Structures are given as structure tokens and as C-alpha cells.
Amino acid sequence: MIRVSIAGASGYAGGELLRLLLGHPKVEVAEITSERLAGKFAHGVHPNLRGVTRLRFRPMGELSGCDVLFVCLPHGESSRGIDDFRRIAGGVVDLGADFRLRDPAAYERWYGEPHPRPDLLGRFVYGIPELNREALRDADLVACAGCNATAAILALKPLATAGALESAVIEVLVGSSEAGAQATSASHHPERSGVARAFKPTGHRHQAEIAEALGVEDLHFSATSIEMVRGVLATCHVFADRALEDRELWQIYRDAYGGEPFVRIVKGQTGIHRYPEPGILAGTNYCDVGFERDPDTQRVVVMSALDNLMKGAAGQAVHAFNLMCGFEETAGLEFTGLHPL
């Protein structure tokens, strides 16, 4: 059994990670932290875990040693605590944004300040298994991707790899859980209910991750909040370097994802579920990807959907962890979703 701990287990991603790891056949969850809730039972804030665990939160300073530490802390805290984390654990899987970018200049541009530990940026493996499977097998430091970035990258990476992606306009519709467990004026129910609100039409930090992962700079990214708790739907308008026929598109996406356990090509001819839809992915580690070719132009519309707390956070972290430890990639991630939800 691998002994793991979770730093910052009281938030939505931390709670989802705890749920997954408690059900993992090769894992013992040793400790979980929360400064605000130290001494309280985990099921007090994650009621779905009633009767499943008697773990209590403890302060970060009381963490003892473990094999792998999962870090689910607010932005900036991972880079400040990374030396302590490495002393505590043989491996670190960070769900935050601190170490996702490799370029210190890009980090400063998108986050507005110099990176506090630029010496470590190149040490972290970017944690999308479909991109970096072999590197993850040997990793001891993993930086999980952002949820919106994951949706966009998985939608567009096959076209970029095929050399067909010149530029893209990416619009993501996101659920409220993306904003985290702490209430804000924007997440207050009377302000959030029934709303479709553009909150980041330009300048979203996930754009930097997408550009770095795809190796394409001519990208344009916007994010809109809609009335949904879990989920991301990315609609990517791709302007290709040539006219792509359906047969070629199918070949590109089958070559990329035909053997992937958690990416499904969804492109039906009829029915209401012929395109990717985040609602049917709640609680799963799947990313569904589909596409349509505009017959009158060289535009291809690629759609992808995922659960931001799973494939966009905790599920992705467990998938990366499985690769790090040599486990079956699907261990602890077998849930197939519900329909109707």
C-alpha cells in the first residue's frame, strides 16, 4: 500500500481527491489538512464521506512523512511550501497553478509577479497523462493542469500534432465549483442563479498553459460562467492550414485517442447526445471530444467536455499518481457516470 496525505483537503478538489483515494485499492490515506477546520471530521465538510472515513483535519505543520503528498492549496502556497513538502514526501502532486508553466517570463507575464522558485519550474511534469505519460512514470514532482486548459488542450492537441492548427478561438462555459468552496460576491446564489456571465473574455491564465502545451501562440481564450455546478464545455473554433475532410479528422483523433482510457470521441449523427456534454460526465474522469467541419470554410469546430473537479483536477491527479507508482491507469477511477443526472 502507498501511504498518501492531502494538504488542503477541505475544498472541493481536495474533497473529491479524498473520495477517490479512499476507494483506491492500493492507497492508505494517512493525513489530511485544513488550518480552518483542524480537529474536525472530514465528513463534516464532505458529507458524502459519512461512514466512509473517520479522518480528522490537522494543521499543515503537523503533517508527518508519506510516500506521496497531494497539494490542493490556494495559488502561491505551493511555491512557498515546496521545500517542506519535499522533505515530508517522496513525491508531490500539486493541483494548484504554481508550477504549471516552464518559462519564468511567461509566469511573470500571466501572473503579474516573478515566480518565487523559478529553479523548480523545469522539474515538474505537466500532469496531463495523455500528453506526458512516459515522463509521469518517472516523475516525483507533478503539476496538474488547469481544468479549462485540460479541456482545450485535449480538444486541440491532435490537430496541433498533425500540423493542422494555425490558430483557434476557444470559448469555455464553466460551472460554479470552478470558483472554489469559499463564497464570493460572484458566487452568492442571488447573483449566480440563472446567470450566463462572461468573467474572463481576455487574459485568462489558462491560456498560457494551452499555448505552452500546444506549441501554438495564435490562440484566443474566453471564459463564461453558466448555471451549472460541475463541468466545463470548451468550444474551439479552429482555423486550419488546409481544408480537412471528415475522414482525415477521424483519423487524426483516432490516432491520438484510440487507446486512451479516459478520452472518448463523441460524434453521433443523430440524437441529443451526439456532441460532448458535461452533465453526463459528473463524477467521472472522462473527457469527451467531438468535432464538426464547416463545409464552406477551413474552420473546424472542436468540442470537449469534462468534470472540472475530476478530469480537470482530482481525477487527473490520481491518473498521474497511478502512472508514477506503476499502477493500472484506471485504478480508483472506474466510475462511469449517471444518466439521467
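What's counted below: heavy atoms across the whole structure, side chains too, no hydrogens, waters or symmetry copies. As the structure is a prediction and not an experimental result, all values here were calculated from the model.
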Criterion salt bridge (charged side-chain N to carboxylate O under 4.0 Å, His left out) on Arg58 and Glu35, from CA distance to verdict: CA-CA 7 Å; Arg58 61 178 56 202; Glu35 305 304 307; over 6 Å; no

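- Considering all non-hydrogen atoms of both residues, Gln316 and Ala145 come closest at OE1-N, 2.7 Å.
- No donor-acceptor contact under 3.5 angstrom links the side chains of His115 and Glu108, judged on distance only.
- At a threshold of 4.0 Å, the pair Asp103-Arg109 does not count as salt-bridged, since none of the basic side-chain nitrogens sits closer than that to a carboxylate oxygen.
- A side-chain donor-acceptor contact under 3.5 Å links Thr284 to the backbone of Leu281.
- Applying the side-chain contact (heavy atoms from CB on, under 4.5 Å) test between Val289 and each of Leu156, Val263, Ile265, Val266 identifies Val263 as the sole match.
- Using the six-membered ring where Trp is involved, Phe321 and His24 have ring planes that are perpendicular, over 60° apart on the 30 and 60° scheme.
- With Arg205 contributing its side chain and Ala97 its backbone, the two residues share no donor-acceptor pair below 3.5 Å.
- Using modelled atom types, one side-chain atom of Ser222 and one backbone atom of Pro201 make a donor-acceptor pair closer than 3.5 Å.
- The pair Glu292-Arg299 does not count as a salt bridge, with every side-chain nitrogen at least 4.0 angstrom from each carboxylate oxygen.
- Across all their heavy atoms, Ala139 and Val125 have their closest contact at CB-CG2, 3.7 Å.
- Residues Asn148 and Glu178 bring a donor and an acceptor atom of their side chains to less than 3.5 Å of each other.
- Ser177 places a side-chain N or O within donor-acceptor distance of the main-chain N or O of Val229, the cut-off being under 3.5 Å.
- Aromatic rings from His237 and His220 are positioned such that their centres are separated by 6.0 Å or more.
- For the side chain to side chain donor-acceptor pair (under 3.5 Å) test with Tyr126, the passing option among Glu212, Arg100, Arg102, Glu209 is Glu209; the others fail.
- When each of Phe70, Phe99, Phe85 is checked for a side-chain contact (heavy atoms from CB on, under 4.5 Å) with Val92, only Phe85 meets the rule.
- Clustering ILVMFWY residues whenever any of their side-chain heavy atoms sit less than 4.5 angstrom apart, transitively, puts Phe239 in a cluster other than the one holding Leu214.
- By the 4.0 Å N-to-carboxylate-O rule, Glu227 lies too far from Arg192 to be salt-bridged with it.
- Under a 3.5 Å cut-off, the side chain of Asn322 and the backbone N or O of Phe327 do not form any donor-acceptor pair.
- To the nearest 0.5 Å, atom CG of residue Leu95 and atom CG of residue Leu73 are 9.5 Å apart.
- Taking the ring axis of Phe41 as reference, the NZ or CZ atom of Arg54 stays within 45° of it and closer than 6.0 Å to the ring centre.
- Using a 4.5 Å cut-off between side-chain heavy atoms of Ile, Leu, Val, Met, Phe, Trp and Tyr, with links allowed through other members, Val195 and Met228 fall into different hydrophobic clusters.
- Put simply, Ile32 and Leu22 are part of the same group of oily side chains (I, L, V, M, F, W, Y) that touch within less than 4.5 Å, one to the next.
- Lys311 and Tyr286 make their closest contact through CB-O, 3.8 Å (heavy atoms, listed as atom of the first residue, atom of the second, distance).
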Criterion salt bridge (charged side-chain N to carboxylate O under 4.0 Å, His left out) on Glu16 and Arg230, from CA distance to verdict: CA-CA 12 Å; Glu16 196 75 335; Arg230 290 175 180 253; 2.9 Å; yes

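- Residues Leu173 and Leu306 are members of separate hydrophobic clusters, defined by side-chain heavy-atom contacts under 4.5 angstrom among Ile, Leu, Val, Met, Phe, Trp and Tyr.
- Rounding to the nearest 0.5 Å gives a distance of 11.0 Å between OG of Ser5 and CG of Leu18.
- Formation of a donor-acceptor pair under 3.5 Å by the Ser34 side chain with backbone atoms of Ser10 is not found in this model.
- Between the Lys267 side chain and the Phe291 main chain, a donor and an acceptor come within less than 3.5 Å of each other.
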Derivation and outcome, side-chain contact (heavy atoms from CB on, under 4.5 Å), residues Val301 and Thr235: CA-CA 7 Å; Val301 181; Thr235 303; 3.8 Å; yes

side-chain contact (heavy atoms from CB on, under 4.5 Å) evaluation trace for Gln251 with Glu248: CA-CA 5 Å; Gln251 189 65 53; Glu248 185 178 1; 5.6 Å; no

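- In terms of heavy-atom proximity, Ala317 sits nearest to Val93 at CB-CG1, 3.9 Å.
- Expressed to the nearest 0.5 Å, how far CD of Glu191 lies from OG1 of Thr184 amounts to 10.0 Å.
- A donor-acceptor distance shorter than 3.5 angstrom exists from the side chain of Asp98 to the backbone of Gly76, with no hydrogens or angles considered.
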Evaluation steps, side-chain contact (heavy atoms from CB on, under 4.5 Å), between Val29 and Leu55: CA-CA 9 Å; Val29 182; Leu55 280 169; 3.6 Å; yes

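- Identified under the side chain to side chain donor-acceptor pair (under 3.5 Å) test for residues 59-72, with sequence neighbours left out: Glu31-Ser64.
- The CG atom of Leu154 sits 10.5 Å away from atom CD1 of Ile210, with the distance rounded to the nearest 0.5 Å.
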Cys72/Leu17 under side-chain contact (heavy atoms from CB on, under 4.5 Å): CA gap, chis, key distance, verdict: CA-CA 9 Å; Cys72 308; Leu17 187 56; 3.7 Å; yes

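- When hydrophobic clusters are built by joining Ile, Leu, Val, Met, Phe, Trp and Tyr residues whose side-chain heavy atoms come closer than 4.5 Å, directly or via intermediates, Phe335 is not grouped with Val52.
- Put simply, the side chain of Asp294 never gets that close to the backbone of Val300: no donor and acceptor are under 3.5 Å apart.
- Salt bridge annotation for Arg133-Glu260: present, with a cationic side-chain nitrogen under 4.0 angstrom from a carboxylate oxygen.
- Environment of CZ in Arg247: sparse, with no more than 12 heavy atoms of neighbouring residues, nucleotides or ligands closer than 6.0 Å.
- Between the CG atom of Leu219 and the SG atom of Cys236 there is a distance of 9.5 Å, given to the nearest 0.5 Å.
- Rounded to the nearest 0.5 Å, atoms OG (Ser304) and CD1 (Ile170) are 9.0 Å apart.
- Within 6.0 Å of atom OH in Tyr12, 12 or fewer heavy atoms from other residues, nucleotides or ligands are found, so the atom counts as exposed in its surroundings.
- In this structure, Tyr107 contributes its side chain and Leu121 its backbone to no donor-acceptor pair below 3.5 Å.
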